[in-house]
Every structure is written in C-alpha cells, then in structure tokens.
Amino acid sequence: MDSVLRQSKAVCPFMKKATASSLRAMTTAARPAASPCGGAISKLQVLAHRCPVMGKAMAVQSARTGGRTSAAPASFVHKAKLHTGRPREAQAVEGVFTGQKAGLPPHPPVKPTIATPANPSPAAYTVSGNFGTKFNYEKFYENELEKKHKDKSYRYFNNINRLAKDFPRAHMATKEEKVAVWCANDYLGMGRNKRVLEAMHTTLDEYGAGAGGTRNISGHNKHAVELENSLAKLHATDAALVFSSCYVANDATLATLGSKLPDCVILSDSLNHASMIQGIRHSGAKKIIFKHNDVEDLEKKLAALPLHVPKIIAFESVYSMCGSIGPIEKFCDLAEKYGAITFNDEVHAVGMYGPHGAGVAEHLDWEAHQRGETKGTIADRIDIYSGTLGKAYGCVGGYIAGSAKLVDTIRSLAPGFIFTTTLPPAVMAGARAAIEYQMSYDGDRRLQQLHTRAVKEALADRDIPVIPNPSHIIPILVGNAELAKKASDKLLNDHQIYVQSINYPTVPVGQERLRITPTPGHTKQFRDHLVAALDSIWTELGIKRTSDWAAEGGFIGVGEAEAEPVAPLWTDEQLGIADAVAELRAQASDKKKGVINQLLESVAIEQEREALNAAQEVADAAKAAAASA
C-alpha cells in the first residue's frame, strides 16, 4: 500500500497535496446522493469521479465486476433492483493504481482457541441436520448457563410487588406473602408520594399512556420541556436532556463525545458503572482506567497525554456497591490543569445530597448553595452531569445536564436519544413533581440519613461486617457467592425480609455482599427485625464477622486495624441534630435505647409535621398558579 501511495503522489497533483488526515476525513465526510439504501457517498468518491483518470478507472472496474458506483443514476437502482445479478464466483480485479491483478483481501489471522471444559471448541456445539453439520445454538446457551450455575453467580429474580399504601412492605406472588423490602433504590419512598401520584394520575387522564413517538417525530411535548427545565434548574446548568434511562444517557453521551471529539481519550474510574464502560467501548476512543478514587494515579495518566488532546474524566459521585464517594473537587482541579472535561454520574446521589438534592457536588458547598450562590462552586465546575429519575425520585428515566451547546450536540448526534420513544407524559410529570418536591423539602433525605446511621451502628454492635463508607449505602461483606445467596434466601424465606445478594460481575469474585438501603419508612420495628435476622443467619451459616476478617488482617476496609473511621458526608450540623445529640448525651439518656433511636423518635414526629406543612405550601402555590393562568 505504501508503494502505491508513493506512486500516486508522484503522478497525481491532488494526491501530492493531500495528507493522510485529509484523505481520512474525506472518506467519512458525506453528501446526499443516489444510493440503493438511501445513503450517501463520501467526498473522496465525488472527487474521484471528477478526475479524468480515476473516473475512467472506476467506471471500467464497475463494469468489469458487474457492480456499480455509489454515484450511479437512481434509475439503475430501479431497473436492476438489489441482489438481482446472476451468481458467479468472486474474481481478482485489476488494481486501479498499478494495473496488476489484485486478489481478494485475505482473512485476518485467527487466534487459535484452546478448548477447555469451560470453553469448548465450536466443534462441541455441532449438530447434524438435513443440510449437513450446523452449529447447535441451544447447546451453547445451555453451556453458558451451566457455567453461571457452577460458579454460583446465576441470577434468580424474586417476584416483589411493592405496596404504595404499605411502604416499605411488598407482597410476593400472592398478596398474602408479605415481605419487608430492604434493598430498593427508591431511597426516599417517592414512588408512593401523594404529590407524585396526583401529578401522574392527572396527566394520564388528560394525555393518555404513551408519548406517541420519538422527540423528533410526535413525541416532543410540554412534559419533556418542563422536566428538562426543572433538571437544569436543579443543577444550575444551561440545559438538560431526558433519556429513557440513565444507562442509555451514559452510553449515548460518552459514545457520542468519544467518537466525535478528535483523538479523544477517556479516563475512567476502575469502579465505574457498566453503562459508562459500555459508552466508552461504543465510542471507539482510547480508554485509560485509573485506580478507584486515586487522584495521584489519575494525574500520572493525564500528565502522559498531550495537553491539546481532548480528554474526558468519567467518574461517579456515589458508588452504589461500596458506598464510596468520589473526590470531585480534586478531579475538577486535574481537569482544569490538563485540559480535560468532567463527566460526573450522580445517579445514586441526586435527591439524596445537597440543600436542594442536586447531589454530592452541591453538597460539598452546602452553605453557598443554601444561599443560592452557585457561581464558582464545585458543582459549577462540572462539565457534564448524568442522573436518574428512577432512584431517589421514585420514577423512571435518565438525563444529562450541562452547557446549552453540549446538550444540543448530544440531542443532535446521539442515536440513543434520537431513535428512542419519549418517556410517557405521566412519568415525566411525576418525575418533575418529585424533583420540585425534594428541591423545596429536605426532611426525607435527613431522615433517611438518620436511619442509615442507626442501622450501621446496630450492625457494628453485632459484629456484622459493613464495608465502611460515608454514604447512605450499607454493603454487608459476605465474601462468597454461595453463602451470599443462602443468606439472601434465608432472610426471605425464614424472616420475610428481602435483601438481594450481589455477586459477580457486579462486584469482583470474593467480594460478594448483601446491599441494604434504608429509607425514611424503615422505622425502629423494621430495623430491629433486620438486625436480629442477620445476626442469627450469620451464626447459622458460619459467615465471617468483622472480628474474623480482622484476624486475617482485614479486607476492603473491614477489620483493618489501621483504617481511620469514615465520617458520614452529612454532618450533624447539616442534619440539624448537633444540639439535640449533645443534649441527649449530657442528660445521660437511656443507653439501652441509644441516642440515635431517641433522636429518631423526636425527628419522626417533627418530620411528619414538616411534611404536612410543605405539602400544604406546595398545594397552595399550585392553586395560586392555576388561578393566575
């Protein structure tokens, strides 16, 4: 190929001036033209047809092979149609540049596969039929599933039907089988919030079930516009864009940016969610993985890249399986220093942190955001937010937020947005109601944090191993896939408590766990029941306790002697309990009941009052707005 290019440059004025990058650009830059599939031809093809030498050569080659060029008249397509040429063997064709016979391109070398019991060779899947030996697809599926069963990572789905009027309870296959749900991502119970349900019912009655199409064709409506305005307001950004899920939002955004930014490099935290990993893979961009939350490792990798090269630092604010929190401010510092942009996934943080529920980035500058001063804050330095409507907001859907040009670029280029049906109007109305509610009222997330603290303290008292973290996630380390599944089954069957076991590939092998997420509805009776059940199961199954992990030197933060205590991200002052805690301790309160439990009793009463007052204020405002309209 190099010799051909050298010959071409020697005789062709156009090739002499062209560079490799300009030629590559012309092969992808397209303009409309007649084509059998309604597609386009590249600019390079257009110029080639105009060339007195190349034009003739291409015409001769097309006639010789019985094919046609992309620029052939549309009438030819109608006459010949597709796939109407007579069958004939593939033949070598004459090279355009050299005049020599050019054989068909060889197949790329195939890496030999070594057959093992876990990965049989293709021959193991063959089956004889009427037309000879074929691949046995059902046998392949069976083998893949058998591998999951053998390593105890096969996933079983439990039939869990959450009850809006009996939260956090649910029933299983029959309504008589009641269970307490301790692992839902509806962190604040907004899936049964009266304001949310009223908004959905009203919208459903007026606008029907579905949106009727994509945003480009019939599916763009006031509900989408209003929801995106609320999301932009939440994150103090220019704009926002709603997707069918945050998996799609992450995949579409990273894939689009990574493929469009020239020579883009994406630096990804090692514990990033599968949706981000998939988006990076789909982008085709160079990927560099840095150690989880390791600022020093990230800087080394950034420093090795040219400053002018586009770079994206992709990370999460709260990591859902371990509860760790990303060093967002330091990531922003590195992005500014090395010419990168930041992609902050706040999926498990929106609604849960910050004075308005905008997430961890907002929480880190609490006082400024409480005053409404966003300029220059950590949140203001984030380039791209992604979030979900399906967790703390209790609905479904995902979104991104950022500058107007960024959002418009994704809107215009991302297939995951362009070719997807819009969320139902009732869902978007409900999500907007949840966001507006949580922006004006923080009682739910404060109570959730208190319940999280109470559960973590109670589990620590029973020597049950919780992976330390500053967030609302409670990961209980088991360390064995089979034991984790047995513990989950026993909780469900013997104690009517639903906690899903978490195994590979969600977490690494050997780090299997139970993941607990308290909500405002998990009051003392639920908490006492859970802790007692876990304690008995740990004893019955012989699962390692914190002291056992400590005797082995500790593991991923559990039982590590030199590990510093992890303080919650929410401080006592932010929760509004600093004075109450000090007073209860000074009064030598009931140690058996505990300070947190006593505090929760008083907070629950006050929270109920605040919720009623907040709901009334919002209702009054809605009535006033309706009257003025």
Side-chain angles (χ1 to χ4, degrees), residues 268-272 289-301 315-331 333-334 348-349 353 360 363-364 449-450 452-481 483-484 487 502-504 506-518 531 534-535 538-539 542-575 578 581 585 591 594-596:
S268 176
D269 188 285
S270 62
L271 293 189
N272 275 345
I289 299 173
F290 60 91
K291 297 175 185 176
H292 176 54
N293 281 351
D294 193 323
V295 177
E296 184 178 346
D297 185 50
L298 173 59
E299 181 160 24
K300 286 179 182 178
K301 290 172 166 58
F315 57 92
E316 299 180 40
S317 61
V318 175
Y319 289 83
S320 65
M321 290 300 144
C322 61
S324 60
I325 289 177
I328 299 176
E329 183 174 15
K330 293 179 180 179
F331 286 164
D333 292 340
L334 291 180
H348 292 273
Y353 297 89
V360 174
H363 198 100
L364 296 174
Q449 287 290 326
L450 291 174
T452 298
R453 289 193 188 189
V455 174
K456 286 182 177 180
E457 289 177 6
L459 292 174
D461 289 343
R462 302 289 185 107
D463 201 25
I464 295 174
V466 174
I467 299 172
N469 68 76
S471 73
H472 61 285
I473 308 293
I474 304 179
I476 303 177
L477 179 63
V478 178
N480 177 281
L483 282 177
I502 308 296
N503 54 28
Y504 178 84
T506 306
V507 295
V509 174
Q511 297 186 22
E512 293 82 3
R513 64 199 65 175
L514 302 181
R515 176 182 178 272
I516 290 171
T517 52
V531 173
L534 287 169
D535 190 28
W538 247 246
T539 299
I543 302 174
K544 291 180 184 177
R545 294 181 182 262
T546 304
S547 54
D548 297 319
W549 289 107
E552 297 178 2
F555 184 56
I556 56 173
V558 174
E560 295 180 352
E562 299 180 0
E564 296 183 4
V566 179
L569 185 61
W570 277 84
T571 65
D572 288 352
E573 289 74 20
Q574 290 167 348
L575 289 171
V581 168
R585 287 174 177 161
K591 293 183 179 179
V595 171
I596 292 294

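Only heavy atoms go into these numbers, but all of them, side chains included; no hydrogens, no water, no symmetry mates.
- Between I325 and S317 the shortest side-chain heavy-atom distance does not fall below 4.5 Å.
- With hydrogens and angles disregarded, a donor-acceptor distance shorter than 3.5 Å links the side chain of D269 to the backbone of N293.
- Sorted by first and then second residue, the pairs that involve residues 455-466 and meet side-chain hydrogen bond (donor to acceptor under 3.5 Å, both in side chains), not counting sequence neighbours, are K456-N469, R462-D535, D463-S547.
- Here OG of S471 is found 8.5 Å from CG of L569. Values are rounded to the nearest 0.5 Å.
- F555 CZ: more than 12 foreign heavy atoms inside a 6.0 Å radius.
- Minimum interatomic distance between I476 and L534 (heavy atoms only, all atoms of both residues): CD1-CD1, 3.7 Å.
- When I474, I473, T452 are each tested for a side chain to side chain contact (heavy atoms under 4.5 Å, CB included) with T517, only one passes: I473.
- When ring centroids are compared, H472 and Y353 come within the 6.0 Å threshold.
- Looking at V558 and V466, their side chains never come closer than 4.5 Å, going by heavy atoms from C-beta outward.
- You'll find the ring centres of F290 and F331 inside the 6.0 Å limit.
- In this structure the side chain of I502 never reaches within 4.5 angstrom of the side chain of L514, judged on heavy atoms.
- Judged purely by atom type and a 3.5 angstrom limit, Q574 uses its side chain to pair as donor or acceptor with the backbone of T571.
- Salt bridge D294/K301: absent, no basic N to carboxylate O contact under 4.0 Å.
- W570 has its side chain out of reach of L450: every pair of non-hydrogen atoms, C-beta onward, lies at least 4.5 Å apart.
- Interatomic distance, CG of L483 versus CG of N503, reported as 12.5 Å (0.5 Å rounding).
- Donor-acceptor pairing under 3.5 Å is recorded for the side chains of S324 and H292.
- At least one donor-acceptor pair closer than 3.5 Å links the side chain of R513 to the backbone N or O of Q511.
- Put simply, the side chain of H363 does not reach to within 4.5 Å of the side chain of I328, judged on heavy atoms.
- Within the structure, the side-chain hydrogen bond (donor to acceptor under 3.5 Å, both in side chains) test picks out the following pairs touching residues 550-566 (sequence neighbours left out): K544-E552.
- Within the 3.5 Å criterion, the main-chain N or O of S320 finds a donor-acceptor partner in the side chain of R515.
- Annotation: side chain of W549 is not in contact with side chain of I556 (no heavy-atom distance under 4.5 Å).
- Atom-to-atom distance recorded for E299:CD and K330:NZ is 11.0 Å, nearest 0.5 angstrom.
- The two atoms that bring R453 and L575 nearest to each other are NH2-CD1, 3.5 Å, heavy atoms only.
- Interatomic distance, E512 CD to L477 CG, rounded to the nearest 0.5 Å: 9.0 Å.
- With rounding to the nearest 0.5 Å, the separation of OG in S270 from OH in Y319 is 7.5 Å.
- Contact between G557 and P468 at its shortest, heavy atoms only, is O-CG, 3.3 Å.
- Separating the CG atom in L298 from the CG atom in L334 is a distance of 5.0 Å, to the nearest 0.5 Å.
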